[in-house]
Each structure stands twice: as C-alpha cells, then as structure tokens.
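Here the structure is a predicted model, which means the values were calculated and not measured.
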Amino acid sequence: GKKIRFAHKIQKSSTKEQSKMMKAIGKSQPIRTKSTVFFTPHSFFAAFQPKSTKAKIIQVPKSEPSDNEVLVKVKFSALDTGLDDVINKTFTGGFIHKTSTDPLLCAWHYSGIVQRVGPNVTNFTVGDAVFGHLQYAPETTQGSAAEYIVVKAEDTAHKPRLVNFSTAAAATTEGLTALQSIRDEGGLKVPGSENGGKSQEQQTILINGAGGQVGALAVQWAKQLMGAHVTAVCSTKDVDRVKNQLGADVVIDRKVSPNYWESFQNEQFDLIFDTPNALKYSKLFRCVKPHGAIVATLPSWGLLWGMVYSLFTKGKQMKMIGVQAKQADLKLLGEYLEQGKLTVNIDSTYDVRDIEQATERNRDPSKKGRVVIQVENGW
C-alpha cells in the first residue's frame with residue numbers, strides 16, 4: 001500500500017526529502033538491509049513467494065484488528081499442497097488465495113499469541129495462545145509465514161495447553177478439511193447425534209490417499225468420532241501406518257492393486273472421500289449407496305463431470321469441500337489432539353528464513369508429514 005510505496009521513495013530520495021516524507025507518515029526507526037537503509041513505519045517481516053523466483057523475506061505494513069478481530073504474533077506456520085497452485089497462479093490457486101496480490105504472501109496454518117484484540121472481542125485477551133488457519137478464499141491476501149496476522153475472533157481458537165505450538169499449527173488445515181469433508185459434505189453422522197441417541201448401523205467410508213495428511217486425519221476422524229468402517233487406499237510406504245497406527249479396517253495398496261475398485265460391491269459405501277482428486281468418478285458411483293456421496297478436495301474437470309454424472313444416479317451426490325476456519329471445529333480438533341485421539345505427523349521444521357528449502361521439501365513426494373515453519377526467532 002502507501003507505506004510500501006513511501007519506503008521505495010525514501011530509498012531514492014535525499015536526506016532532506018526523506019525528512020519531509022517522514023513527517024507525512026509519522027516517526028519511525030530506520031530498518032537496515034544489506035544494501036540500503038529505508039523506513040517502513042509499523043512494519044513486520046513476511047515471507048514473499050513470487051512466481052518463478054526464489055522466496056524472499058520482505059517488510060510490509062502491520063494491520064490493526066478491527067472491532068471483531070485479533071492480532072496474532074505467529075510462532076509457527078506450516079506448508080500444504082495448495083502452495084504451488086497459488087505461487088503459479090493456477091485456476092485452483094485462485095479459489096484459495098488472491099493470486100493477483102503483489103507481494104504474494106503465502107501459508108495458511110498458524111499458532112501464536114494474541115497481541116491485540118478488537119473492542120468487540122470478549123473471548124480472547126492479550127497473551128492467549130491460539131491456533132487456526134487463514135481462510136482459503138479468493139479474497140485472502142495475508143500469509144501466515146509472517147510475524148503478524150489479523151483474524152476474526154470467530155475464526156480462531158484457544159490452543160490446548162498440552163498441545164505444542166508446532167503440532168497445533170501443523171494440524172489445522174488438514175484436520176478441519178478432513179472433518180468437514182466427511183461430516184458436513186459427506187454426511188457421516190456422529191453416533192447418538194440423531195434418532196434420539198439410538199444406535200445406528202455402522203457407516204462405511206472409502207478414503208483415497210489415506211497416507212497423506214488430509215487422508216490420515218480423515219481415517220482418524222471416521223474411526224474416533226463416527227465409529228465408521230474405514231477402507232483406506234494408500235501407497236506401499238504408508239500401508240503399515242494406516243493399518244496399525246491410524247486404525248483403518250481394510251487397507252489397499254494402490255501400487256499392488258491399481259484397479260482396486262473393480263472388487264468393490266455395488267452400493268458398498270456411504271461415502272467415498274478422494275483426497276488427491278485422482279479417482280475416476282464415473283466408475284465409482286455404482287459403489288455408493290443411494291443418497292450417499294463422493295467428496296473431492298479441489299475443483300477439476302473430473303469434479304464437474306462427476307456432478308453431471310450424479311444427476312443420473314439414485315440421489316447420489318458429487319461434492320467438493322471448501323474448508324472453513326470455524327472456532328467450534330478448531331476446539332474439537334484441539335480436544336482430540338490433547339486426548340491423543342488424533343495424531344499429526346511432522347516431517348520437518350525449517351526456520352522461516354529458509355522458506356525456500358522448506359518449499360522444496362514440501363514438493364518432495366518422499367516426505368512423511370507436514371513441513372512446519374518456525375516463524376518466531378526464525379528470521
């Protein structure tokens with residue numbers, strides 16, 4: 001905004017001109033870089049991800065919380081699979097971040113400490129430990145790989161005392177994506193939540209990509225919260241973990257059985273959750289029960305075709321999850337993490353100054369878990 005443009009002007013101006021400009025934008029201390037000295041009042045550091053170049057650390061103006069917002073000093077962030085779509089400004093990336101912004105500030109996960117609260121905020125105070133994720137939306141311009149972010153009070157939650165900051169940050173997006181996909185979009189029920197608390201027939205779910213972060217948490221939610229029968233599809237390296245650590249009832253190695261769906265019965269599953277958006281939906285609708293659903297995580301031509309195809313089925317639906325940061329869901333996630341009912345794998349942790357190396361690791365298919373970014377003391 002204006003303050004960044006002022007900073008560029010000051011770099012090129014004489015000492016006398018700098019003094020005049022500083023009177024217009026308020027007092028500030030000079031900030032030194034390797035090549036120049038410039039002034040950016042009320043600024044903070046952030047990791048900038050320009051397309052086709054290496055990530056940079058820049059300074060941007062700090063926002064103040066509005067009536068219903070809180071200012072959070074970020075301790076940890078984390079990277080997810082949507083990052084490259086935003087950096088490369090793809091069709092998909094435009095659904096989860098405003099890709100036309102310059103600078104392009106990235107990352108969504110966060111945990112940190114409340115620094116300021118808006119006048120209408122009553123459930124948070126300065127010093128509270130919180131966690132959550134920035135909204136995945138076309139209007140989002142912030143990035144959580146930054147010293148400070150501003151979030152709505154209703155979009156964040158208190159971090160459980162027994163959950164550390166890095167785990168809290170790593171769990172947010174994937175934990176809520178998995179939960180909202182199978183419960184809200186997929187229609188799986190929590191036992192006892194309907195029919196006056198009476199027991200119901202065990203629900204069945206197929207989870208594709210169960211070795212990934214969203215898939216792994218979906219397996220755990222389905223077992224721990226819904227008590228469902230879980231059939232999980234993953235690669236060879238994840239079979240043992242998905243079966244013995246996450247608790248899936250049936251685990252299929254997709255490399256050993258690439259056409260595994262051919263063995264499924266008609267109307268076998270209440271829900272099919274395709275976390276990598278890799279399935280051929282027209283071949284799988286026969287496996288879904290009447291009024292059941294297939295849920296995908298990202299927009300694609302396959303998703304659109306599936307939606308059209310679903311019109312000719314027995315009330316079966318093709319849906320896509322648009323994850324939302326919701327305080328109630330974050331609280332539930334925090335409770336399950338604290339009680340040990342959910343686990344989140346962290347592959348590696350990088351200081352934010354090494355964001356470029358972290359991004360490369362995030363692209364590596366051999367990684368096993370979330371790539372976490374230490375923001376505080378990481379510059």
Taking the side chain as C-beta and beyond, is there a heavy-atom pair between [X] and [Y] under 4.5 Å?
| X | Y | result |
| --- | --- | --- |
| Val151 | Leu134 | yes |
| Glu338 | Leu162 | yes |
| Leu188 | Ile205 | yes |
| Val70 | Val121 | yes |
| Phe273 | Glu185 | no |
| Val375 | Ile373 | yes |
| Thr81 | Gln213 | no |
| Thr177 | Thr275 | no |

Parallel, tilted or perpendicular: ring planes of Tyr136 versus Trp108, cut at 30 and 60 degrees: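 If you compare the ring of Tyr136 with that of Trp108, the planes turn out parallel.
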Heavy-atom count check: over 12 atoms from other residues, nucleotides or ligands less than 6.0 Å from [X] [atom1]?
| X | atom1 | answer |
| --- | --- | --- |
| Lys73 | NZ | yes |
| Lys367 | NZ | yes |
| Lys237 | NZ | yes |

Candidate pair Gln317 and Ser310, rule side chain to side chain contact (heavy atoms under 4.5 Å, CB included), full reasoning: CA-CA 6 Å; Gln317 300 180 74; Ser310 69; 5.7 Å; no
Polar side-chain atom of [X] near backbone of [Y] as donor-acceptor pair, under 3.5 Å:
| X | Y | value |
| --- | --- | --- |
| Asn277 | Thr297 | yes |
| Ser348 | Val371 | no |
| Thr172 | His109 | no |
| Lys89 | Thr99 | yes |
| Asp80 | Gly82 | yes |
| Gln202 | Gly227 | yes |
| Trp221 | Gly175 | yes |
| Gln135 | Thr140 | no |
| Glu360 | Glu356 | no |
| Thr231 | Val250 | no |

Heavy-atom closest contact ([X] atom, [Y] atom, distance):
| X | Y | value |
| --- | --- | --- |
| Gln142 | Ile149 | OE1-CA, 3.3 Å |
| Lys326 | Leu176 | N-CD2, 3.9 Å |
| Val117 | Val114 | CG1-CG1, 3.6 Å |
| Gly211 | Cys234 | N-CB, 3.8 Å |
| Ala78 | Ala169 | CB-O, 4.3 Å |
| Lys289 | Lys316 | O-CG, 3.6 Å |

ILVMFWY cluster membership beyond Ile113 - transitive side-chain contacts under 4.5 angstrom: Phe76, Phe165, Ile346, Val372
Qualifying salt bridge (Lys or Arg N to Asp or Glu O under 4.0 Å) pairs with a residue from residues 153-173, counting only residues at least two apart or across chains: none
Distance in Å, [X] [atom1] paired with [Y] [atom2], rounded so as to fall on 0.5 Å steps:
| X | Y | atom1 | atom2 | result |
| --- | --- | --- | --- | --- |
| Leu206 | Asn208 | CG | CG | 6.5 Å |
| Thr204 | Asp270 | OG1 | CG | 4.0 Å |
| Gln203 | Leu271 | CD | CG | 9.0 Å |
| Asn266 | Arg286 | CG | CZ | 5.0 Å |
| Ile355 | Trp379 | CD1 | CH2 | 8.0 Å |
| Asp329 | Asp184 | CG | CG | 6.5 Å |

Same cluster or not: are [X] and [Y] linked, directly or through other Ile, Leu, Val, Met, Phe, Trp or Tyr residues, by side-chain heavy atoms under 4.5 angstrom apart?
| X | Y | answer |
| --- | --- | --- |
| Tyr336 | Val219 | yes |
| Val352 | Ile87 | yes |
| Leu298 | Val323 | no |
| Tyr350 | Val74 | yes |
| Ile272 | Ile321 | no |

Criterion side chain to side chain contact (heavy atoms under 4.5 Å, CB included) on Leu179 and Leu332, from CA distance to verdict: CA-CA 10 Å; Leu179 174 63; Leu332 182 62; 4.1 Å; yes
Taking only residues two or more places apart in sequence or in another chain, which ones pass ring pair (Phe, Tyr, Trp, His ring centres under 6.0 Å) with [X]?
| X | result |
| --- | --- |
| Phe131 | none |
| Phe124 | His158 |
| Phe95 | Phe91 |

Criterion side chain to side chain contact (heavy atoms under 4.5 Å, CB included) on Lys62 and Glu147, from CA distance to verdict: CA-CA 9 Å; Lys62 186 196 297 183; Glu147 282 189 292; over 6 Å; no
Evaluation steps, side chain to side chain donor-acceptor pair (under 3.5 Å), between Asp364 and Ser366: CA-CA 5 Å; Asp364 189 337; Ser366 70; 2.8 Å; yes
Pair Tyr309 and Tyr281, ring centroids less than 6.0 Å apart: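 For Tyr309 and Tyr281, the ring centres are not under 6.0 Å apart.
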Basic-acidic side-chain contact under 4.0 Å: Lys223, Asp249: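 The answer is yes: the pair qualifies as a salt bridge.
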Decide whether [X] and [Y] meet the rule of one side-chain donor and one side-chain acceptor closer than 3.5 Å.
| X | Y | value |
| --- | --- | --- |
| Thr359 | Asn362 | no |
| Ser166 | Asn164 | yes |
| Gln220 | Thr343 | yes |
| Gln339 | Lys341 | yes |

Worked verdict on Leu105 versus Ile58 for side chain to side chain contact (heavy atoms under 4.5 Å, CB included): CA-CA 10 Å; Leu105 306 177; Ile58 64 168; 4.2 Å; yes
Counterpart residues, salt bridge (charged side-chain N to carboxylate O under 4.0 Å, His left out), relative to Asp240 (two or more places apart): none
